[in-house]
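Letters go in sequence order (proteins before strands), and every chain restarts at 1.
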Amino acid sequence: MNEKESKSPSNFIRSIIEEDLRTGRWEGRVHTRFPPEPNGFLHIGHAKSICLNFGIAADYNGLCNLRFDDTNPLKEEQTYIDAIMEDVRWLGFDWGDRLYYASDYFEQLYEYALKLIRDGKAYVDDLSAEQIRQYRGTLKEPGRESPYRNRSVEENLDLFERMRAGEFEEGSKVLRARIDMAAPNLNLRDPVMYRVLYATHPRTGDRWCIYPTYDFTHGQSDSIEGITHSLCTLEFEDHRPLYDWFLDNLEIYHPRQIEFARLNLTRTVMSKRKLLRLVEEGHVSGWDDPRMPTLSGLRRRGYTPESIRNFCERIGISKKDSTVDIAFLEHCVREDLNRRAPRVMAVLRPLRVVLENYPEDRVEELEAVNNPEDEAMGTRKVPFSKVLYIERDDFMEEPPKKFYRLAPGREVRLRYAYYVKCNDVIKDENTGQVVELRCTYDPETRGGWAPDGRKVKATLHWVSARHALSAEVRLYDHLFASDHPEEAADGTDFGSVLNPDSLETLTDCKLEPSLESAKPGDRLQFERLGYFCVDPLDSRPGRLVFNRTVTLRDTWAKIRKAGKK
RNA sequence: UGGGGUGUCGUCAAGUGGUAAGACACGGGCCUUUGGAGCCCGCAUUCGGAGGUUCGAAUCCUCCCACCCCAGCCA
């Protein structure tokens, strides 16, 4: 346990649990749950909660349930249920045989409601939604009691049973808890427990036409499952008195609700409503667009589950509203991929290079290291020949001070190959664009070392033209240009805050031939460029498509940017 | 005086009366066949503010200030 403790940073929830363990509050048990509503896809904010709940269960020898909070058939769908399970599994967590649905408890919940009615603690109200709102009062003024508040137990029982039987129209009646219309906490002003909804539920079909609200469902579901610590986000803090009230008045097992701050990330939005809008308004290709902060989007982008878990572990848990710099998430994938991703050479924006002194038909197989961080990953052979492609960005006709790549008259190293020197620049007659470089290579420098000890300032990646594979590469960047789009996007059009360059598609990229066998989902480092993965959906043999997960740290880009200021 | 929360480095975040961890970001250096990776150094005399208690306070008390959440038959 000590190792695990040092791995998971201390936080106030763990302190509470350790205190509970010390005092024997739950007979030494720790039992959590992850309770998503199946009305959308999981995002990195959910990952924080998943890692918290499953992580705590694992560290304290406890259990964590997966429970769908499916009490609103108007918004919930089976496709979301399926996607959520896939995402939780992909993240690396296992709920064993403890897959539950709040809808499994509908009958029990109904019984609970009956008890409250019998005890005079719940009543059927005929007020309309609009009237209930008016009767609720305001933040500063108390509410008024409904004229139906004092119906007899018998009448309430009869009405509630008939609500279930489908005798009343949608919206015509609700079941309410009889608490206190003058409570300063609005949640206690006779909250609605049941509403009439003639909707088909993804799991219970048309068996029910009354559905319990979140407040009347969540705590009791926790209770039924024997949850010890019910972890949720800050906005439910005001609901805790109600959570406690139902459990106390039902006189059933009473878990402890603890609230923590949800995750916000710079340059992205996290609310399901806004994510849905991005999808519906076509700003992205879907919930799994690689620019989305959804788990399916991050997966398609090439993020590893390990890096996301590590990120969630390291951002910590607190009650403070906070926004984590997305650079930290990116740091976490780089760190992981640096150790695991095989290196490979790919030229994204090809510039033709002809080695004038290299024999026409000669081909050499040069040895390249697969991962300098892991010798066990071995080496491979890369073909080299007279005509090559290098990156357009690696050549400048008039290089500025700190640019030390290729330029006229300059010598650089081609990785794992030879030193080459640029003699001539060939341009398009009409456009003036550089179309080809005429270079010479030094046969003495095979492998990249000069026997005379002569040094070279840059090493470039390259691909042999004759052997090159063509591919499409999608360069992804932050979806939003602003650090805090959540605020900017409120009420306005996304247009003003979206990053117009969040996706750049390159269709004529050149790859070394070893990539022939790349499989969907494979993650690689394109040397000097970044980490890329084979798109799981669009890539096919002979028509490869890669997604850029994240760039490498780019010192040159930083120098360039600083120079422009 | 509606109620409930939160305020420690640019951003996260430890710290629970004994004299401010760590990470990211940023800046500088070393090293380098990825301007990658790695390594080293720097980066809060101060904890929203003001008082007070104490030998000693980010931690306790008082007052103040700022920000977030709540008036769905959403969760």
NZ/NE/NH1/NH2 to OD/OE distance under 4.0 Å, Arg256(A) and Asp20(A): yes
Cation-pi, Tyr101(A) ring and Arg203(A) (6.0 angstrom, 45 degrees): yes
Centroid distance under 5.5 Å and plane angle under 30°, Tyr214(A) vs A75(B): no
Whole-Å P distance, C9(B) and G15(B): 16 Å
Sugar-phosphate only, base, or nothing, as touched by Phe236(A) at under 4.0 Å among non-hydrogen atoms: base
Touch class at under 4.0 angstrom, heavy-atom based, for Leu127(A) against every strand present: base
Pairwise P distance, C64(B) and A20(B) [rounded to whole Å]: 31 Å
Salt bridge (Lys or Arg N to Asp or Glu O under 4.0 Å) between Arg151(A) and Asp126(A), intermediate numbers included: CA-CA 11 Å; Arg151(A) 292 215 250 227; Asp126(A) 294 3; 2.5 Å; yes
Check ion pair Arg446(A)-Glu364(A) (N to O, under 4.0 angstrom): yes
Plane angle bin for Tyr441(A) and Phe384(A) - parallel if under 30°, tilted between 30 and 60°, otherwise perpendicular: tilted
G72(B): syn or anti, per glycosidic angle within 90° of 0: syn
Length of the line joining Phe260(A):CZ and U6(B):P, which is rounded to integer Å: 15 Å
Nearest-nucleotide pick for Asp238(A), side chain only, options being A75(B), G72(B), C69(B): C69(B)
Nearest-Å distance once atom C1' is located in both U19(B) and A23(B): 24 Å
First encountered from the 5' end of RNA chain B, between Glu373(A) and Glu237(A): Glu237(A)
Shortest non-hydrogen separation from Asn156(A) to Ala122(A) and the atoms involved: ND2-O, 3.8 Å
Got a list of protein N/O to nucleotides 25-32 of chain B N/O distances below 3.5 Å?
none

Distance test, side-chain N/O of Thr266(A) to OP1/OP2 of U11(B), below 4.0 Å: no
Value in whole Å for how far the P atom of U16(B) lies from CZ of Arg22(A): 14 Å
N/O donor-acceptor pair, side chain Arg133(A) with base G72(B), under 3.5 angstrom: no
Sugar-phosphate only, base, or nothing, as touched by Pro142(A) at under 4.0 Å among non-hydrogen atoms: nothing
Distance test, side-chain N/O of Thr459(A) to OP1/OP2 of U34(B), below 4.0 Å: no
Sugar-phosphate, base or nothing in reach of Thr217(A), heavy atoms under 4.0 Å: nothing
Tyr419(A) six-ring centre to Arg413(A) NZ/CZ under 6.0 Å and within 45° of normal: no
All N/O pairs under 3.5 Å across the protein-nucleotides 18-21 of chain B interface:
none

Nearest-angstrom distance from the residue atom CD of Glu391(A) to P of U34(B): 17 Å
Glu486(A) CD to C68(B) P, straight-line distance once rounded to whole Å: 14 Å
Short side-chain N/O contact to U11(B) OP1/OP2 from Ser322(A), under 4.0 Å: no
Stepwise side-chain contact (heavy atoms from CB on, under 4.5 Å) test for Phe395(A) and Leu460(A): CA-CA 10 Å; Phe395(A) 172 80; Leu460(A) 310 187; over 6 Å; no
G72(B) OP1/OP2 closer than 4.0 Å to side-chain N/O of Arg136(A): yes
Within 6.0 angstrom of Arg314(A) CZ, more than 12 heavy atoms from elsewhere: yes
Sugar-phosphate, base or nothing in reach of Arg343(A), heavy atoms under 4.0 Å: base
Nucleotide paired to C67(B) in any strand shown, Watson-Crick or G-U, under 3.5 Å: G5(B)
Given C73(B), A37(B), U34(B), the nucleotide with the shortest approach to the side chain of Arg415(A): U34(B)
Close aromatic pair by centroid cut-off 6.0 Å: Tyr211(A) and Tyr194(A): no
Touch class at under 4.0 angstrom, heavy-atom based, for Ile132(A) against every strand present: base
Side-chain N or O of Arg528(A) closer than 4.0 Å to phosphate OP1/OP2 of G35(B): yes
C39(B) pairs with, by Watson-Crick or G-U criteria that keep both distances under 3.5 Å: G29(B)
Integer angstrom distance from the C1' of U46(B) to that of A58(B): 9 Å
Length of the NZ-C1' vector between Lys320(A) and C47(B), whole Å: 11 Å
Watson-Crick/G-U partner (both atom distances under 3.5 Å) of U62(B): A50(B)
Lys/Arg N to Asp/Glu carboxylate O, Lys421(A) vs Glu411(A), below 4.0 Å: no
Of Pro212(A) and Lys402(A), the one whose closest RNA chain B nucleotide lies more 5': Lys402(A)
Sugar-phosphate, base or nothing in reach of Glu259(A), heavy atoms under 4.0 Å: nothing
Sugar-phosphate only, base, or nothing, as touched by Leu139(A) at under 4.0 Å among non-hydrogen atoms: base
Sugar-phosphate only, base, or nothing, as touched by Ile559(A) at under 4.0 Å among non-hydrogen atoms: base
Residue Leu186(A), side-chain heavy atoms: nucleotide from C70(B), U34(B), G5(B) that is nearest: C70(B)
Under-4.0 Å side-chain N/O to phosphate OP1/OP2 contact, Arg195(A) with A75(B): yes
For atom CG of Leu234(A) and atom P of C69(B), their distance in whole Å: 10 Å
Gap between atoms CZ and C1', on Arg262(A) and C12(B) respectively (whole Å): 17 Å
Sugar-phosphate, base or nothing in reach of His461(A), heavy atoms under 4.0 Å: nothing
Within 45° cone and under 6.0 Å: Arg523(A) NZ/CZ vs Phe532(A) ring: no
Protein-nucleotide distance (Glu330(A), atom CD; G36(B), atom P), rounded to Å: 17 Å
Sugar-phosphate only, base, or nothing, as touched by Arg314(A) at under 4.0 Å among non-hydrogen atoms: sugar-phosphate
Spacing of the P atoms in C40(B) and G22(B) (rounded, Å): 13 Å
Glu235(A) side chain to Thr233(A) side chain, donor-acceptor N/O pair below 3.5 angstrom: yes
Donor-acceptor side-chain pairing of Gln131(A) and Ser128(A) below 3.5 angstrom: yes
C63(B) and U53(B), which share atom name C1', separated by this distance in whole Å: 15 Å
Span that lies between the C1' atom of C26(B) and that of C43(B), in whole angstrom: 8 Å
Distance test, side-chain N/O of Thr555(A) to OP1/OP2 of G36(B), below 4.0 Å: yes
Touch class at under 4.0 angstrom, heavy-atom based, for Asn11(A) against every strand present: sugar-phosphate
